[in-house]
Amino acid sequence: MNKLSVNGTFHVIQRNWMSFRKLIKISIFPNLFDPILYLVAMGLGIGHFVGNISGMPYLTFVSLGLVAATGMNAANAESTTNAYIQMRLDKTYYEMNTGPINLEEIIVGQALWAGIRGTIFGTLFLLVTLMMGILHSWLALFIPVVLLITGTLFGFLGLTFTLLAPTRDYLNYFSMLIIQPMYMFSNTFFPLHDVAPWLKNIGWFSPLTHAVLLIRQLATGTLRFQSFEDLLWLILVMTVLSVIPQKIVRKRLNY
């Protein structure tokens with residue numbers, strides 16, 4: 001694997017940002033519609049029939065879980081569908097690779113951009129919770145950092161599957177079999193400590209579970225020692241996942 005260049009990685013991020021700026025206004029609604037719909041149905045709907053959960057109102061519980069889930073979904077969309085188009089259809093990776101930027105730098109830059117995109121939309125939904133009076137601690141200022149780490153993690157994960165997918169249709173399997181179960185069973189809509197042990201154990205390995213816990217604790221000012229364990233787990237998983245797409249990119253893209 002070639003040595004990575006900060007300038008090359010930054011160029012990839014800058015190129016994606018310039019493209020994103022042109023579409024940001026029409027991107028906000030589709031990226032926020034799904035979590036707002038869940039917020040209305042679960043938080044405002046079912047929340048009327050549910051009391052406190054994990055020491056907080058159910059509306060707060062769901063809203064803060066959806067902040068992390070929104071960041072994950074935005075990063076996943078960038079690292080799967082958008083990345084596939086750039087890799088296979090528009091040949092954007094090929095164009096950048098003809099210059100001084102190698103494929104590994106493109107992968108890292110794309111994953112970091114997925115993290116930035118996840119941070120943008122996760123923070124926008126966080127502002128929705130702010131207007132609802134759900135944030136109760138200044139520590140909520142650090143939530144975008146958690147969103148960036150989480151989004152970059154899912155950026156590397158999505159890019160790995162995108163590189164392995166033989167056709168664009170296979171991306172639906174990744175979203176349906178990996179991302180959607182994480183969305184539903186990562187402490188987002190109900191606490192994992194009350195479910196069957198086997199589901200609780202599976203849910204613990206989900207990076208989204210740890211991101212959700214961190215965001216809830218930052219928003220409510222209830223950080224504890226275990227919070228740093230959640231952060232370390234996210235960083236560890238992100239580091240491990242970052243190696244895989246860099247290792248396989250030259251084998252999967254015959255440029």
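Side chains are part of it too, since the values below use all heavy atoms of this structure and drop only hydrogens, waters and symmetry mates.
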Donor-acceptor under 3.5 Å ([X] side chain, [Y] main chain):
X    : Y    : value
S242 : T239 : yes
N31  : S27  : yes
N102 : I106 : no
T129 : L126 : yes
S19  : N16  : no
T162 : G158 : yes
S227 : R224 : yes
T209 : W204 : no

Gap between atom [atom2] of [Y] and atom [atom1] of [X] - 0.5 Å precision:
X    : Y    : atom1 : atom2 : answer
D230 : I215 : CG    : CD1   : 11.0 Å
T80  : L171 : OG1   : CG    : 5.5 Å
L213 : L208 : CG    : CG    : 9.5 Å
I107 : L159 : CD1   : CG    : 5.0 Å
I143 : L218 : CD1   : CG    : 5.5 Å
F61  : M56  : CZ    : CE    : 7.0 Å

Shared hydrophobic cluster, [X] / [Y] (ILVMFWY, side-chain heavy atoms < 4.5 Å):
X    : Y    : value
V12  : I85  : no
L103 : L89  : no
F228 : V146 : no
L232 : L147 : no
W198 : L192 : yes

request  = Count the heavy atoms belonging to other residues, nucleotides or ligands that lie under 6.0 Å from CZ of F190, then report whether that count exceeds 12.
outcome  =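 Yes, enclosed.
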task = Determine whether more than 12 heavy atoms belonging to other residues, nucleotides or ligands lie under 6.0 Å from atom CE of M176.
result = yes
So which atom in [X] and which in [Y] form the shortest heavy-atom distance, rounded to 0.1 Å?
X    : Y    : result
S79  : G155 : CB-O, 3.3 Å
G109 : I13  : O-CG1, 3.6 Å
A74  : G118 : CB-CA, 3.9 Å
T119 : G115 : OG1-O, 2.7 Å
R216 : T222 : O-OG1, 4.4 Å
V212 : N187 : CG1-O, 3.6 Å

ask   = Is there a side chain to side chain contact (heavy atoms under 4.5 Å, CB included) between M96 and R15 once you walk through the steps?
value = CA-CA 10 Å; M96 289 189 285; R15 181 172 180 144; 3.7 Å; yes
For residues [X] and [Y], determine if any side-chain heavy atom of one lies less than 4.5 Å from a side-chain heavy atom of the other.
X    : Y    : result
M72  : M182 : yes
L148 : I116 : yes
L164 : Y170 : no
L241 : L153 : yes
Q86  : Q110 : yes
M132 : L59  : yes
F154 : N73  : no
T150 : P207 : no

request  = Start with the C-alpha distance between V237 and F205, add both sets of side-chain angles, then the distance that settles side chain to side chain contact (heavy atoms under 4.5 Å, CB included), and finish with yes or no.
outcome  = CA-CA 10 Å; V237 174; F205 284 96; over 6 Å; no
query = Using 30° and 60° as the class limits, which term best fits the ring planes of W113 and F20: parallel, tilted or perpendicular?
reply =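 Taking F20 first and then W113, their aromatic rings stand perpendicular (interplane angle over 60°).
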ask   = Between L23 and I26, is a side chain to side chain contact (heavy atoms under 4.5 Å, CB included) present by the stated rule, with each step listed?
value = CA-CA 6 Å; L23 303 172; I26 62 174; 3.8 Å; yes
request  = Mind running side chain to side chain contact (heavy atoms under 4.5 Å, CB included) on I179 and F174 for me, showing each step along the way?
outcome  = CA-CA 7 Å; I179 298 300; F174 176 69; 3.7 Å; yes
request  = For the residue pair Y183 and D34, confirm or rule out a side-chain donor-acceptor distance under 3.5 Å.
outcome  = yes
inquiry  = Measuring centre to centre across the rings, with the benzene-like ring taken for any Trp, is F189 within less than 6.0 Å of Y38?
reply    =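 Judged by ring-centre distance (under 6.0 Å), F189 and Y38 do meet the cut-off.
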